[in-house]
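Here is the structure we will look at, set down as structure tokens.
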Amino acid sequence: MSQVTSIAHYINGQTVPGTSGRAQQVFNPATGHVTGSVALASAADVSAAVASAQAAFLQWADTPPIRRARVLFKFLELLNQHKDTLARMITAEHGKVFTDAQGEVARGIDIVEFSCGIPQLLKGDFTDQVSTGIDNWTLRQPLGVVAGITPFNFPVMVPLWMFPVAIAAGNTFVLKPSPIDPSPSLFMAELLRQAGLPDGVFNVVQGDKEAVDALLVHPDVKAVSFVGSTPIANYIYETGARHGKRVQALGGAKNHMVVMPDADVDQVVDALIGAGYGSAGERCMAISVAVLVGDVADKVVPQLLERTKTLKVLNGTNLAAEMGPIVTAAAHARISGYIKQGIREGATLLADGRGFDGSTAGDGCGKGFWLGGTLFDNVTPEMTIYKEEIFGPVLGCMRVPDFATAVQRINDHEFGNGVACFTRDGNVAREFARRIQVGMVGINVPIPVPMAWHGFGGWKKSLFGDLHAYGEEGVRFYTKQKSIMQRWPESIHKGAEFVMPTAK
């Protein structure tokens, strides 16, 4: 059994145990063993972190943007040096396979690289002589203390969507990571310290709902970014907005992949296997519904079944692994309940992952949180497994007669995060991209996560707020525009003016 490690908060450049006296166990999902104990913050701990960030804000905001970027360049260098250490932490506490964890870290590093160039995006606009003797220009200035509340499924990448952009723009940051896999947050805090980030600019409070609520109501927190389930995203948005905060809350998903009859079947099966079962389906861009148009289902489903049955479900430390364990015992029970519900409501169960024997996944894995790939056919819109986000390795196949029906089914769904269409027909691809009511679209790309300079976000109940994460929209979220008009005494005519100013 692994040694149990104490995992604390990071406030004002120091690791601190906190004052609550509460803690939560951290597990290795592959073995089921307790590996850590993470402190759960009290409101007082949150206040200490916010006070630290507030005290650091004015000096950090006044630091020239190029000097802020130099700190991020050093952080980028350190991340690249230690990226496999972060990936191993992810595998140990989340369970995803090591190669997938490496990919997560790499995509987070992309955002840091983008953030190093933010001085270019902080430039304002200038117009001279907007009126006689008057010039007008705009600035983008930081908000102050901002917070990020991040999920278990990407303990490195999602925080990196947030704090590098916010810090580069001159804000100070309080991160509240998931208590399920909290260690990477502290490691990144240490790398930031080594990079020369001043104390207080970046803080970590470990915790649960008590910490979240304390951030949402704290008057010095000016903005909150969140990624997680739709019910919590809605709560974050409503509560934060009610307390005068700018809120960016990314919620759940039910991502479809439309397969047209002309699609390359081998490519389709590869895409569905990877996008449906990668990271054990525990990602908001996972494909959970294959929408099979016309007779293509008869070609795709048999191959999909064979591949599902032969998935390499192994301890994530094994480089041959294609899928690791479920993150917690509670998540395992919830996903198993959805499978049972799917059978009860009439879907055809082709592959049942509930019988997977964890002892076959590696030494010491017999008590881990294991589930094999699960495949349903004949899924219909009224079924729970179609309407709700399962967040596990459960892929449903829905058969539809034509392209129009496929588009309508997707547009009728309450979620609108990601979607894909596999086809060889350029006109079908163009019409799909234009007409689908989803925020991120892939054409022959199963998981269309935008690159760092484009920004991530869905539509409908997948996003609460107006601005997407990272990219130029992320810069806008973490800054406010100021418009300045000036003239000098020599150009001012005598006499009061009582009408709306106009250009003269």
Side-chain angles (χ1 to χ4, degrees), residues 61 65 68-69 72 107-125 138-151 154 157-175 221-228 230 233-234 236-238 240-241 244-253 255 283-285 415-419 433-434 436-442 445 447-483:
R68 298 196 299 253
L72 284 177
R107 288 304 297 265
I109 286 173
D110 288 348
I111 310 298
V112 182
E113 290 178 333
F114 167 81
S115 300
C116 290
I118 278 179
Q120 161 71 12
L121 298 177
L122 295 177
K123 293 190 307 182
D125 298 316
T138 58
L139 304 177
R140 296 212 72 88
Q141 294 187 315
L143 304 177
V145 180
V146 298
I149 301 166
T150 57
F154 288 102
M157 185 182 75
V158 171
L160 289 176
W161 285 2
M162 300 174 184
F163 72 77
V165 181
I167 288 172
N171 301 280
T172 54
F173 202 92
V174 178
L175 172 65
V221 175
K222 304 304 181 186
V224 176
S225 297
F226 170 81
V227 175
T230 284
N234 192 19
I236 297 282
Y237 180 72
E238 291 182 349
K245 304 185 192 317
R246 187 177 290 191
V247 183
Q248 172 192 70
L250 283 66
N255 304 318
R283 52 189 177 194
C284 66
M285 289 295 283
F415 294 125
N417 206 49
V419 71
R434 292 186 68 246
I436 209 70
Q437 299 296 305
V438 175
M440 293 170 283
V441 181
V445 176
I447 301 182
V449 177
M451 295 306 291
W453 50 94
H454 281 288
F456 182 104
W459 288 10
K460 297 185 280 191
K461 289 190 176 180
S462 294
L463 175 68
F464 297 83
D466 300 319
L467 295 174
H468 291 187
Y470 65 82
E472 291 191 25
E473 292 218 341
V475 177
R476 283 192 285 272
F477 179 77
Y478 289 121
T479 57
K480 52 193 173 187
Q481 180 178 290
K482 178 183 289 182
S483 176

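Heavy atoms only: backbone and side chains are in, while hydrogens, waters and symmetry mates are out.
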Can you measure from [atom1] ([X]) to [atom2] ([Y]) and round to the nearest 0.5 angstrom?
{"X": "Lys461", "Y": "Phe415", "atom1": "NZ", "atom2": "CZ", "result": "7.5 Å"}
{"X": "Glu473", "Y": "Asp466", "atom1": "CD", "atom2": "CG", "result": "9.0 Å"}
{"X": "Arg140", "Y": "Arg476", "atom1": "CZ", "atom2": "CZ", "result": "7.0 Å"}

Do [X] side-chain atoms and [Y] backbone N/O form a donor-acceptor pair below 3.5 Å?
{"X": "Asn255", "Y": "Gly418", "result": "yes"}
{"X": "Arg68", "Y": "Pro119", "result": "no"}
{"X": "Ser225", "Y": "Gln248", "result": "no"}
{"X": "Tyr478", "Y": "Ala168", "result": "no"}

Counting neighbours of CG on Asn234 that are heavy atoms of other residues, nucleotides or ligands and sit closer than 6.0 Å, is the number greater than 12? yes
Any chance you could lay out the side chain to side chain contact (heavy atoms under 4.5 Å, CB included) test for Val227 and Phe154, step after step, and finish with the verdict? CA-CA 10 Å; Val227 175; Phe154 288 102; over 6 Å; no
Side-chain contact test, heavy atoms from C-beta onward, threshold under 4.5 Å: evaluate it for Phe114 versus Val475 and give yes or no. yes
In sequence, state the C-alpha distance, the side-chain angles, and the governing distance for Leu463 and Phe456, and then conclude on side chain to side chain contact (heavy atoms under 4.5 Å, CB included). CA-CA 10 Å; Leu463 175 68; Phe456 182 104; over 6 Å; no
Going by the angle between their ring planes, with limits at 30° and 60°, are Tyr237 and Phe464 parallel, tilted or perpendicular? tilted
